[in-house]
Asks: 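Below: one structure in structure tokens.
This one's a predicted model, so the numbers in the text were calculated from it and none came from an experiment.
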Amino acid sequence: MKFGVITFPGSNCDRDVVYVTRDILKRPTHRIWHEDSDLGDIDVVVIPGGFSYGDYLRCGAVAQFSPAMRSAVDFANKGGLVLGICNGFQILTEVGLLPGALMRNRDMRFICDRTPLKVERTALTWTSNYTQGQVVTIPIAHGEGCYYADTDTLKSLEDNQQVVFRYSSSDGTVDNNNNPNGSLNNIAGICNKTGNVLGMMPHPERAADTRLGGTDGLALFESVLQSALSVA
């Protein structure tokens with residue numbers, strides 16, 4: 001399985017993802033510059049965190065027009081696996097691969113912390129190595145991470161089991177007291193209806209090495225590899 005990591009001017013988590021996929025998992029990994037329209041023969045596209053194009057206009061608003069993202073949209077529409085982390089999640093909503101939008105945090109402050117997440121769906125390529133209802137601890141670092149969608153969209157997400165991760169307490173309680181940014185329904189990550197596109201605000205690549213204090217995020221990347229091996 002080959003990974004491709006898109007790099008924009010202002011990306012700052014692309015090397016973290018490359019470290020996980022190339023150095024920890026030992027998988028072929030290609031850096032894809034934002035101006036490249038040819039993604040190559042990759043199996044997974046990762047859109048990393050950071051501040052693409054300086055977050056001008058709004059987060060992800062400019063990145064959606066890059067040649068690499070146009071190709072990523074085509075890739076996703078053909079069933080390719082696409083993961084958007086933090087700014088990558090914001091970009092995925094801007095290009096329409098995922099519904100809703102990411103807005104300014106409830107307290108209008110940038111948050112950098114570790115937070116518990118409840119795993120809501122494991123029947124996915126991305127989450128097969130987790131257990132249903134498992135609570136994991138993953139770092140967050142964002143100023144515009146408040147997930148918002150209209151009532152009909154929220155209902156559709158819930159009805160179709162597209163909510164993959166929710167902010168919670170360490171014992172799995174999902175409520176407003178355990179919601180760091182004001183996201184509706186405590187949403188931390190969602191997928192599209194077919195499950196091949198995942199967007200999440202927390203950073204699993206920052207929880208993939210014991211030297212960083214935890215490996216709860218590594219299971220996400222390992223899930224992808226395990227799913228590929230089971231198909232093969």
Asks: If I take atom CD1 from residue Ile140 and atom CG from residue Leu117, how far apart are they, to the nearest 0.5 angstrom?
Replies: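 Atom-to-atom, Ile140:CD1 and Leu117:CG are 8.5 Å apart.
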Asks: Under 4.5 Å between side-chain heavy atoms, hopping through other hydrophobics if needed: is there a path connecting Val174 to Met200?
Replies: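 In one cluster: no.
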Asks: So does Arg58 pair up with Glu144, basic N to acidic O under 4.0 Å?
Replies: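 Not counted as a salt bridge, because no side-chain N and carboxylate O are separated by less than 4.0 Å.
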Asks: Run the salt-bridge test on Glu158 and Arg166 with the 4.0 Å N-O cut-off and return the result as yes or no.
Replies: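 A salt bridge links Glu158 with Arg166.
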Asks: Can you tell me which residue among Leu124, Val46, Val44 is in a side chain to side chain contact (heavy atoms under 4.5 Å, CB included) with Val224?
Replies: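 Only one of Leu124, Val46, Val44 forms a side chain to side chain contact (heavy atoms under 4.5 Å, CB included) with Val224, namely Val44.
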Asks: Taking a hydrophobic cluster as the set of Ile, Leu, Val, Met, Phe, Trp and Tyr residues connected by side-chain heavy atoms closer than 4.5 Å, whether directly or through intermediates, do Val95 and Phe51 fall within one such cluster?
Replies: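 No; tracing contacts between hydrophobic side chains, which count when under 4.5 Å, never links both residues.
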Asks: Is there a path of hydrophobic side-chain contacts, each under 4.5 Å between heavy atoms of I/L/V/M/F/W/Y residues, joining Met103 to Ile111?
Replies: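 Result: yes, single cluster for both.
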Asks: Would the number of heavy atoms belonging to other residues, nucleotides or ligands and lying under 6.0 Å from CE of Met1 be above 12?
Replies: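 More than 12 within 6.0 Å, yes.
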Asks: Under 3.5 Å, side-chain donor or acceptor atoms of residues 76-83 against the rest of the protein: list the pairs with distances, not counting sequence neighbours.
Replies:
residue	atom	partner	partner atom	Å
Asn77	ND2	Val73	O	3.3

Asks: Only counting residues at least two apart or in another chain, list the ones meeting ring pair (Phe, Tyr, Trp, His ring centres under 6.0 Å) with His34.
Replies: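 Expected list: Tyr53.
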Asks: Search all heavy atoms of Met69 against all heavy atoms of Ala63 and return the closest pair with its distance.
Replies: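 Between these two residues, the closest heavy atoms are CG-O, 3.4 Å.
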Asks: What verdict does the side-chain contact (heavy atoms from CB on, under 4.5 Å) test give for Glu35 and Ser66, after you've listed the backbone C-alpha separation in whole Å, the side-chain angles of each residue and the deciding distance to 0.1 Å?
Replies: CA-CA 6 Å; Glu35 294 180 338; Ser66 70; over 6 Å; no
Asks: Do other residues, nucleotides or ligands put more than 12 heavy atoms under 6.0 Å from Tyr56 OH?
Replies: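 No, because the 6.0 Å sphere around OH of Tyr56 holds 12 heavy atoms or fewer from other groups.
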Asks: What distance do Thr115 atom OG1 and His203 atom NE2 have between them, rounded to the nearest 0.5 Å?
Replies: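 One gets 12.5 Å once the value is rounded to the nearest 0.5 Å.
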Asks: Which atom pair, heavy atoms only, marks the closest approach of Pro139 to Ala207?
Replies: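 Closest approach of Pro139 to Ala207, heavy atoms only: CD-CB, 3.8 Å.
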Asks: Could you please spell out the steps behind the side chain to side chain donor-acceptor pair (under 3.5 Å) verdict for Asn192 and Asn196?
Replies: CA-CA 7 Å; Asn192 62 346; Asn196 63 302; 2.9 Å; yes
Asks: Nearest 0.5 angstrom please: Thr127 OG1 to Arg121 CZ, how far?
Replies: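 Answer rounded to 0.5 Å: 7.5 Å.
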Asks: Quick check on the hydrophobic clustering: are Val135 and Leu220 connected, directly or via other members, by side-chain heavy-atom contacts under 4.5 Å?
Replies: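 Different hydrophobic clusters.
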Asks: Answer whether the closest heavy-atom distance between the side chains of Val5 and His30 falls below 4.5 Å.
Replies: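 In short, these two side chains do not touch, never coming nearer than 4.5 Å.
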Asks: Any non-hydrogen side-chain atom of Leu92 less than 4.5 Å from a side-chain atom of Val197?
Replies: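 Yes, their side chains come closer than 4.5 Å.
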Asks: Walk me through whether Arg106 and Asn176 qualify under side chain to side chain donor-acceptor pair (under 3.5 Å).
Replies: CA-CA 11 Å; Arg106 174 180 50 206; Asn176 200 48; 3.1 Å; yes
Asks: Could you check whether any side-chain heavy atom of Leu218 comes within less than 4.5 Å of a side-chain heavy atom of Pro204, counting everything from C-beta outward?
Replies: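 Counting from C-beta outward, Leu218 and Pro204 never come under 4.5 Å.
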Asks: How close do Cys13 and Glu205 get, counting heavy atoms only, and between which atoms?
Replies: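 Heavy atoms of Cys13 and Glu205 come nearest at CB-OE2, 3.7 Å.
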Asks: Which atom pair, heavy atoms only, marks the closest approach of Arg70 to Phe65?
Replies: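 Closest pair (atom of Arg70, atom of Phe65, distance): NH2-CD2, 3.3 Å.
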Asks: Closest approach of Gly60 and Ile91, non-hydrogen atoms and distance?
Replies: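 Looking at all heavy atoms of both residues, the shortest contact is CA-CG1, 3.7 Å.
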Asks: What's the separation between atom OG in Ser168 and atom CG in Asn178, rounded to the nearest 0.5 Å?
Replies: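 Answer rounded to 0.5 Å: 6.5 Å.
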Asks: Search all heavy atoms of Met201 against all heavy atoms of Gln90 and return the closest pair with its distance.
Replies: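 Looking at all heavy atoms of both residues, the closest pair is CE-NE2, 3.9 Å.
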Asks: Does the side chain to side chain donor-acceptor pair (under 3.5 Å) test come out yes or no for Thr173 and Asp171, once each step is laid out?
Replies: CA-CA 6 Å; Thr173 300; Asp171 65 3; 2.8 Å; yes
Asks: Would you check, one step at a time, whether the test side chain to side chain donor-acceptor pair (under 3.5 Å) holds for Thr7 with Asp14?
Replies: CA-CA 6 Å; Thr7 301; Asp14 47 326; 3.0 Å; yes
